[in-house]
Amino acid sequence: MVGGHALAAVLASLHPSGDDRGLVGADPQLCAQVLTVDGIAVSAMTDTGLSELLWSTEGISARLEDLQYTLGQGPGPETALSGAPVLVPDLATVQAQRWPALLPQALALGIGAVFCLPLQTGAECLGTMTLQRAAPGRLPDARMTDARLVADTVSAVLLEGGAQQEAFAGAEQDSDFYRAVVHQASGMVSVQAGVSLTQALLRLRAHAFGHERSVTEVAEDVVARRLSFRDDQDGPDISAGEGTERP
């Protein structure tokens, strides 16, 4: 196996150190290099059914995860739903109706190929690991085998438990996780609009898409009470929440 020593080092370092506040250790850029891709991202599901970006290379991979989270479509959501890999060696050949909102934005980012693997334990899908690169083409069999080893190791790491795992699973407001503010905002919108958490997230996503913003940015406005979804028949009120202590 080419780069076997480098892969072994990455696998060993995926377990976070005692001082690491995240759930996954290792250097994502090094991992991407070992797998011969341009970027990698790991997202996992919380107990509330929302996803959380845990670990990624900077730039395009993180942006792709944000787009999938905002739009609710793409290889990640497909893999999370089906528990099966979604391998797209040439993104430009995907039919538009498969991911109508995501596809043009992903192509605009310069993504040529994307490979999404489930993080699984038995039949349960814990989350996804998404690889992307600018050049279209299949991932060589040896690198796909390596990618599955990384995914399996990340799955094992997520099952190890601990304080950070408990904070992540419950999506605590004061946790350090990437989308904690979205979880908090979903609860506030649920109360404001009298809808379920799932419907609240859909409303956040719709508002973000309509205003060309990320869900995280919209959620920050909700939590800061700059934006309220109370009585949301005609869209959220951009000022109703200011200066109030109501949810």
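All figures in this text were calculated on a predicted structure; none of them were measured in a lab.
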Closest heavy-atom pair and its distance - Leu103, Val94 = CD2-O, 3.4 Å
Glu78 versus Trp99, side-chain donor and acceptor atoms under 3.5 Å = yes
With distance as the sole criterion, is a donor-acceptor pair present between the side chains of Thr57 and Gln29 under 3.5 Å?
-> no
For the atom pair CZ (Arg148) and CZ (Arg143), what is the distance rounded to the nearest 0.5 Å?
-> 14.0 Å
Distance in Å, Leu109 CG paired with Arg63 CZ, rounded so as to fall on 0.5 Å steps | 6.5 Å
Exercise: identify the closest heavy-atom pair between Pro89 and Ala113 = O-CB, 3.3 Å
So do the side chains of Cys125 and Pro118 get within less than 4.5 Å of each other, counting heavy atoms only?
-> yes
Heavy-atom closest contact (Thr130 atom, Cys116 atom, distance) = OG1-SG, 3.3 Å
Counting distance only, does the side-chain N/O of Ser196 pair as donor-acceptor with the main-chain N or O of Gln199 below 3.5 Å?
-> yes
Which pair of heavy atoms, one from Phe229 and one from Arg203, lies closest together, and at what distance?
-> CE2-O, 3.8 Å
Audit row: Cys31, Trp55, side chain to side chain contact (heavy atoms under 4.5 Å, CB included) steps and yes/no = CA-CA 11 Å; Cys31 186; Trp55 181 75; 3.8 Å; yes
Which distance, rounded to the nearest 0.5 Å, do you find between the CE of Met188 and the OG of Ser228?
-> 8.0 Å
Could you please spell out the steps behind the side chain to side chain contact (heavy atoms under 4.5 Å, CB included) verdict for Arg138 and Asp141?
-> CA-CA 9 Å; Arg138 291 178 60 253; Asp141 291 343; 2.9 Å; yes
Heavy-atom side-chain proximity of Leu126 to Leu159 below 4.5 angstrom = yes
For Ala84 and Thr79, the nearest pair of non-hydrogen atoms, with its separation, is O-OG1, 3.2 Å
Interatomic distance, Thr70 atom OG1 to Leu204 atom CG [nearest 0.5 angstrom] = 10.0 Å
Side-chain heavy-atom pair Gln132, Leu91 within 4.5 angstrom cut-off = no
Rounded distance [0.5 Å steps], CG in Leu14 versus CG in Asp152 | 11.0 Å
Does the side chain of Val182 reach to within under 4.5 Å of the side chain of Tyr69, using non-hydrogen atoms?
-> yes
Between Arg133 and Asp38, is the closest basic N to carboxylate O distance under 4.0 Å?
-> no
Check: Ser155 main-chain N/O paired with Gln120 side-chain donor or acceptor under 3.5 Å = no
Side chain Thr93, main chain Asp90, donor-acceptor under 3.5 Å | yes
In sequence, state the C-alpha distance, the side-chain angles, and the governing distance for Arg98 and Gln73, and then conclude on side chain to side chain contact (heavy atoms under 4.5 Å, CB included).
-> CA-CA 9 Å; Arg98 184 175 183 182; Gln73 58 184 243; over 6 Å; no
Looking at Thr128, Val42, Thr153, which one forms a side-chain contact (heavy atoms from CB on, under 4.5 Å) with Leu119?
-> Val42
Value for CD (Glu65) from CD1 (Ile40), rounded to nearest 0.5 Å, stands at 10.0 Å
Looking at Ala106 and Leu64, what are the two nearest heavy atoms and their distance?
-> CB-CD1, 4.4 Å
With the side chain counted from C-beta on, respond yes when Leu131 and Val114 share a heavy-atom pair under 4.5 Å apart, and no when they do not.
-> no
Quick one: do Val195 and Val218 end up in the same hydrophobic cluster if we chain Ile, Leu, Val, Met, Phe, Trp and Tyr together by side-chain heavy atoms under 4.5 Å apart?
-> no
Going by heavy atoms in the side chains, are Leu102 and Pro75 under 4.5 Å from each other?
-> yes
Step by step, work out the side chain to side chain contact (heavy atoms under 4.5 Å, CB included) result for Val86 and Leu117.
-> CA-CA 7 Å; Val86 173; Leu117 302 177; over 6 Å; no
